[in-house]
Enquirer: 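The structure follows.
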Protein chains: 2
Amino acid sequence: MSKQELPVADLNAVACCSPIAVRPMNAEQAAVVAPLFKALGDQVRLRLMSMIASVPEICVCDLTPAFDLSGPTISHHLKVLREAGLVDAERRGTWVWYRVKPEAFRQLGALLEISAAPAGSSAG
Amino acid sequence: MSKQELPVADLNAVACCSPIAVRPMNAEQAAVVAPLFKALGDQVRLRLMSMIASVPEICVCDLTPAFDLSGPTISHHLKVLREAGLVDAERRGTWVWYRVKPEAFRQLGALLEISAAPAGSSAG
DNA sequence: CTCCTGTTTTGAAATCTGTCAAGCTAGAAG
DNA sequence: CTTCTAGCTTGACAGATTTCAAAACAGGAG
């Protein structure tokens, strides 16, 4: 599980593009980035992400009881987060530990940056 | 249309909470914020958002031809963006102009900020 | 080996979403 | 008034998403 389990749609391509407020995204870039936002576009996943990102690492056994949801459902949401490349999981003995992948997280933040001037300066 | 058309689920509450990597979000905060991410979690909407955010304002007539989609579909996606509070629309004569709502956009960016340690400065 | 606990996978049901065709509304121009 | 164009709404449908129960899997303990 600590080994990467899928290609993650060339996540490095995210780093290639400007903040979305700087220049229009083409279809290809949007196809790479949209799934990241989509992964966070669910209450449960957003809370999971926040719980994971707030600490160095956290066990599924500490994640699950925070919700009124079944274990499989939490596991499913964690999988979505994993497949989006936002978190990483590692089994250590009985428990599985999750931690954030800071690159993906940082790139997502960079996408939302307002570069310099909001709507006045003419960008080339 | 320039008048706000719905309550936008107390968008100000977004400003109230720390970046998601700082402290775990509670269910209430997540319920406010998740729809914003969800709105951007679609290729078409992400491109629309990017096109709108890249310029001071833009006409629907310039948005639609950038996609292989029907007018109603684009209109639907723009409505989602509007209802999320991310953009604003105004009819001027024949055309409808869209522009970004910078507060919402900025707050979304703030949510993804990595507060102190960029997780790379000192390997932990 | 068996048993127990923690986590993931599978399978299925209910709900939500993206899309288009058809129809409607707002404004401009005759 | 009518007609034309730009954009929105409605209704419908295929496909995706969320959820749980049941089963499977991984590792520790007896």
Side-chain angles (χ1 to χ4, degrees), chain A residues 1-6 9 27 30-31 34-49 51-52 57-84 86-99, chain B residues 1-6 9 27 30-31 34-49 51-52 57-84 86-99:
Chain A
M1 202 164 271
S2 55
K3 45 206 172 298
Q4 84 288 354
E5 53 191 10
L6 45 84
L36 302 188
F37 285 109
K38 188 175 194 173
L40 296 181
D42 177 275
Q43 298 186 28
V44 176
R45 286 195 296 270
L46 189 56
R47 283 180 66 197
L48 284 169
M49 186 69 191
M51 292 174 77
I52 297 169
E57 62 181 2
I58 188 167
C59 171
V60 174
C61 61
D62 288 329
L63 256 11
T64 305
F67 300 84
D68 280 334
L69 292 170
S70 67
T73 297
I74 297 300
S75 190
H76 158 72
H77 285 301
L78 288 171
K79 183 178 189 177
V80 173
L81 253 17
R82 253 186 287 132
E83 293 188 342
L86 288 167
V87 303
D88 227 345
E90 182 189 0
R91 163 158 246 141
R92 283 209 298 278
T94 305
W95 296 283
V96 177
W97 297 84
Y98 276 75
R99 86 183 71 93
Chain B
M1 201 166 272
S2 57
K3 45 209 172 294
Q4 83 288 355
E5 52 191 13
L6 46 84
L36 301 188
F37 286 109
K38 188 174 194 174
L40 296 181
D42 176 275
Q43 297 187 27
V44 175
R45 286 195 295 270
L46 190 55
R47 283 180 65 198
L48 284 169
M49 186 69 191
M51 292 174 77
I52 297 169
E57 62 181 2
I58 187 167
C59 172
V60 175
C61 62
D62 287 328
L63 256 13
T64 305
F67 300 84
D68 280 334
L69 292 171
S70 68
T73 297
I74 297 299
S75 191
H76 160 70
H77 285 302
L78 288 171
K79 184 178 188 177
V80 173
L81 253 17
R82 252 187 289 132
E83 293 187 343
L86 288 167
V87 302
D88 226 346
E90 181 189 0
R91 161 159 246 142
R92 285 210 296 279
T94 306
W95 296 284
V96 176
W97 297 84
Y98 276 76
R99 86 183 71 94

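These values consider heavy atoms only, across backbone and side chains, with no hydrogens, waters or symmetry-generated copies.
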Enquirer: Of the non-hydrogen atoms in A/L36 and A/A84, which two are nearest, and what is the gap between them?
Expert: CD2-O, 3.0 Å
Enquirer: If you check every side-chain atom of A/R82, which of D/dT18, C/dT8, D/dT17 has the closest atom?
Expert: C/dT8
Enquirer: Reading DNA chain D from 5' onward, which residue's closest nucleotide shows up sooner: A/R92 or A/G41?
Expert: A/G41
Enquirer: Measure all distances between protein nitrogen or oxygen atoms and nitrogen or oxygen atoms of nucleotides 11-14 of chain C, and list the pairs falling under 3.5 Å.
Expert:
none

Enquirer: Between C/dT19, C/dT7, D/dG7, spot the one nearest the side chain of B/C59, thanks.
Expert: D/dG7
Enquirer: Using only side-chain N and O atoms of A/K38, determine if any of them is under 4.0 Å from OP1 or OP2 of D/dT17.
Expert: yes
Enquirer: Name the residue from A/E57, A/R82, A/E90 that meets the side chain to side chain donor-acceptor pair (under 3.5 Å) definition with A/Y98.
Expert: A/R82
Enquirer: Take atom CD of B/E90 and atom C1' of C/dA26, then tell me their distance rounded to the nearest Å.
Expert: 14 Å
Enquirer: Mind calculating the distance between CZ (A/R91) and C1' (C/dT5) to the nearest angstrom?
Expert: 10 Å
Enquirer: Can you figure out which of D/dC8, D/dA6, D/dT19 approaches the side chain of A/V44 most closely?
Expert: D/dT19
Enquirer: Minimum heavy-atom separation for B/Q43 to A/A27, with atom names?
Expert: OE1-O, 4.2 Å
Enquirer: Considering all heavy atoms of both residues, which atom of A/L46 and which atom of B/A30 are nearest to each other, and what is their separation?
Expert: CD2-O, 4.0 Å
Enquirer: Find the distance B/R45:CZ to C/dT19:P and express it as a whole number of Å.
Expert: 9 Å
Enquirer: Report the C-alpha distance between A/H77 and A/F67 in whole Å, list the side-chain angles of each, state the deciding distance to 0.1 Å, and finish with yes or no for side-chain contact (heavy atoms from CB on, under 4.5 Å).
Expert: CA-CA 12 Å; A/H77 285 301; A/F67 300 84; over 6 Å; no
Enquirer: Let me see the working for A/I52 and A/L78 under side-chain contact (heavy atoms from CB on, under 4.5 Å), right down to the final yes or no.
Expert: CA-CA 10 Å; A/I52 297 169; A/L78 288 171; 4.0 Å; yes
Enquirer: Specify the closest pair of heavy atoms between A/W97 and A/C59, including all atoms of both residues, with the distance to one decimal.
Expert: CE3-N, 3.4 Å
Enquirer: Please report the distance, rounded to the nearest Å, between CG in A/D42 and P in D/dT19.
Expert: 6 Å
Enquirer: Counting side-chain heavy atoms from CB outward, which of D/dA6, D/dA16, C/dT7 is closest to A/V96?
Expert: C/dT7
Enquirer: Would you indicate which nucleotide in D/dT19, D/dG7, C/dT19 comes nearest to any side-chain atom of B/C61?
Expert: D/dG7
Enquirer: Could you tell me the separation between the CG atom of B/L78 and the P atom of D/dC8, rounded to a whole number of Å?
Expert: 6 Å
Enquirer: For DNA chain C, what residues of residues 70-77 of chain B have any heavy atom nearer than 4.0 Å?
Expert: B/S70, B/P72, B/T73, B/H76, B/H77
Enquirer: Rounding to a whole Å, what distance do you find between A/W95:CH2 and C/dG6:P?
Expert: 7 Å
Enquirer: Might you point out which heavy atoms bring B/T73 and B/S70 nearest each other, and give the distance in Å?
Expert: OG1-OG, 3.0 Å
Enquirer: Measure from the side-chain N and O atoms of B/S75 to the backbone N and O of B/G71, and report whether any donor-acceptor pair falls under 3.5 Å.
Expert: no
Enquirer: Return no unless some side-chain N or O of A/Y98 is found under 4.0 Å from OP1 or OP2 of C/dT8.
Expert: yes
Enquirer: For A/D62 and A/M51, which heavy atoms make the closest approach, and how far apart are they?
Expert: O-CE, 3.9 Å
Enquirer: From CG of B/L48 over to P of D/dC8, roughly how many Å is that when rounded to an integer?
Expert: 11 Å
Enquirer: For A/I58 and C/dG6, give me the distance from atom CD1 to atom P, rounded to whole Å.
Expert: 16 Å
